[in-house]
**Student:** 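Once you've had a glance at the structure underneath, I'll fire off some questions.
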Amino acid sequence: MEIFPWTALMLATTTLSVTMAAGRWMLLDHAGSRRRQAREEERRIVSPKCVDVPNNMVICSAMEYSLMKMPNILGHDTIKEARTEADAWLPLADSGCNPNTALFICSMFAPVCVPEMTEMVLPPCRELCREVKESCSPVMERFGFVWPAMFDCSQFPPATSYIAWIVHRLGTGEIKIPR
């Protein structure tokens, strides 16, 4: 069998495999699924909806939830934009300045989404923001950075308002606790 130069180049630059299905040989392009995922991450999301937290959103990989609201709190309307911006904060989370840094960052870039209430925004609470700011802003300052305005803690609700909000929604049946 003769292999043409362009075929060799194609085989060298893509992830391909050969398989037999229904008695026919098929050439599978595994890179195609990665391209489809990349296209999905670049699709603009205009109306609020829940989407899966991407597996490659490294900073949020340890979070206890799997659905994030898009567009997010910061106005990112593509998963790719939210993922890229969130992962830029990975060095701060990895610095160990506060054990809740990743939680705070994820609550901004990949806020938890409750499917029954996609119109509701669940930002981080003020206390979490202040805790992370107090311990991490000195680390940022050592490298010439200041705490960004988009993380201004005064814009977030106090933790006590969350308790009242959740209790009210549970009472009206808007939120159901999974069993």
Side-chain angles (χ1 to χ4, degrees), residues 40-179:
E40 184 63 31
E41 284 190 1
E42 292 173 2
R43 183 172 289 132
R44 292 206 178 294
I45 300 170
V46 180
S47 358
K49 71 178 196 174
C50 296
V51 299
D52 290 330
V53 176
N55 293 334
N56 58 356
M57 192 176 221
V58 178
I59 196 166
C60 299
S61 62
M63 294 300 110
E64 296 291 326
Y65 59 93
S66 61
L67 292 177
M68 63 187 251
K69 181 180 175 172
M70 288 297 291
N72 66 14
I73 294 168
L74 299 169
H76 300 133
D77 59 1
T78 68
I79 296 169
K80 181 180 181 180
E81 181 182 25
R83 178 181 46 80
T84 303
E85 295 288 325
D87 284 345
W89 292 92
L90 195 55
L92 186 66
D94 286 346
S95 75
C97 58
N98 188 290
N100 291 318
T101 304
L103 173 62
F104 173 69
I105 298 298
C106 290
S107 66
M108 295 293 293
F109 293 93
V112 67
C113 190
V114 178
E116 298 84 13
M117 306 179 74
T118 55
E119 75 286 349
M120 298 295 292
V121 177
L122 298 174
C125 70
R126 189 176 303 154
E127 291 80 359
L128 174 64
C129 179
R130 286 182 178 154
E131 174 189 319
V132 173
K133 179 182 179 182
E134 286 173 14
S135 54
C136 294
S137 59
V139 173
M140 293 175 64
E141 289 167 6
R142 272 188 267 150
F143 293 97
F145 297 102
V146 295
W147 190 254
M150 67 181 175
F151 295 164
D152 176 13
C153 300
S154 66
Q155 70 180 318
F156 304 124
T160 54
S161 69
Y162 278 116
I163 295 167
W165 181 84
I166 290 171
V167 168
H168 173 72
R169 295 302 187 284
L170 284 170
T172 62
E174 287 181 69
I175 297 178
K176 293 177 180 47
I177 298 176
R179 298 192 197 288

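Keep in mind that what you see is a predicted model, and the values were worked out from it rather than measured. Scope of the values below: all heavy atoms of this structure, side chains included, with no hydrogens, waters or symmetry mates. All residue numbers in this chain count up from 1 along the given sequence.
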**Student:** Which heavy atom of L122 sits nearest a heavy atom of P111, and at what distance?
**Tutor:**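 Smallest heavy-atom distance, with atoms named: O-CB, 4.1 Å.
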**Student:** State, to 0.1 Å, how close Y65 and A110 come at their nearest heavy-atom pair, and which atoms those are.
**Tutor:**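 For Y65 versus A110, the nearest heavy atoms are OH-O, 2.6 Å.
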**Student:** Say you draw a straight line from CD of E131 to SG of C136; how long is it, rounded to the nearest 0.5 Å?
**Tutor:**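 Here the rounded value is 9.0 Å.
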**Student:** Between NZ of K49 and NZ of K69, what distance do you get to the nearest 0.5 Å?
**Tutor:**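 So the gap between those two atoms works out to 13.0 Å.
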**Student:** At what distance, to the nearest 0.5 angstrom, does CD of E85 lie from OG1 of T78?
**Tutor:** 9.5 Å
**Student:** Show your reasoning for whether side chain to side chain contact (heavy atoms under 4.5 Å, CB included) applies to V51 and M68.
**Tutor:** CA-CA 5 Å; V51 299; M68 63 187 251; 3.6 Å; yes
**Student:** Would you please classify the geometry between the W89 ring and the F151 ring as parallel, tilted or perpendicular, with 30° and 60° separating the classes?
**Tutor:**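 Correct class here is tilted.
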**Student:** For the residue pair L103 and M63, establish whether any side-chain heavy-atom pair is separated by less than 4.5 Å.
**Tutor:** yes
**Student:** Give a yes or no on this: more than 12 heavy atoms of other residues, nucleotides or ligands lie within 6.0 Å of atom CZ of F145.
**Tutor:**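 For F145, atom CZ is not crowded (no more than 12 foreign heavy atoms under 6.0 Å).
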**Student:** Taking E81's backbone N and O only, do any of them form a donor-acceptor pair with T84's side chain (distance below 3.5 Å, no angle check)?
**Tutor:** no
**Student:** So, N72 side chain and F109 main chain: donor-acceptor pair closer than 3.5 Å or not?
**Tutor:** yes
**Student:** Between D87 and V58, is there a donor-acceptor pair closer than 3.5 Å when you use the side chain of the first and the backbone of the second?
**Tutor:**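 Yes; judged by distance alone, with no hydrogens or angles, the pair exists.
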**Student:** Where do V132 and N100 come nearest, in terms of heavy atoms and distance?
**Tutor:**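 Here V132 and N100 meet closest at CG2-O, 3.8 Å.
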**Student:** What's the spacing between R83 CZ and N56 CG if we round to 0.5 Å?
**Tutor:** 4.5 Å
**Student:** Any chance you could measure M57, atom CE, to D52, atom CG, to the nearest 0.5 Å?
**Tutor:**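 The CG atom of D52 is 12.5 Å from CE of M57, to the nearest 0.5 Å.
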**Student:** For P157 and P124, which heavy atoms make the closest approach, and how far apart are they?
**Tutor:**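 For P157 and P124, the tightest heavy-atom pair comes out as CD-O, 3.8 Å.
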**Student:** For the atom pair CZ (R44) and CD1 (I79), what is the distance rounded to the nearest 0.5 Å?
**Tutor:** 12.5 Å
**Student:** What I'd like to find out is whether the side chain of L92 reaches to under 4.5 Å of the side chain of M140, using heavy atoms alone.
**Tutor:** yes
**Student:** Show the nearest heavy-atom pair for residues P115 and C113, with the distance to one decimal.
**Tutor:** CD-O, 3.6 Å
**Student:** Identify the heavy atoms of T101 and A93 that sit nearest to each other, and give their distance.
**Tutor:** CG2-CA, 3.8 Å
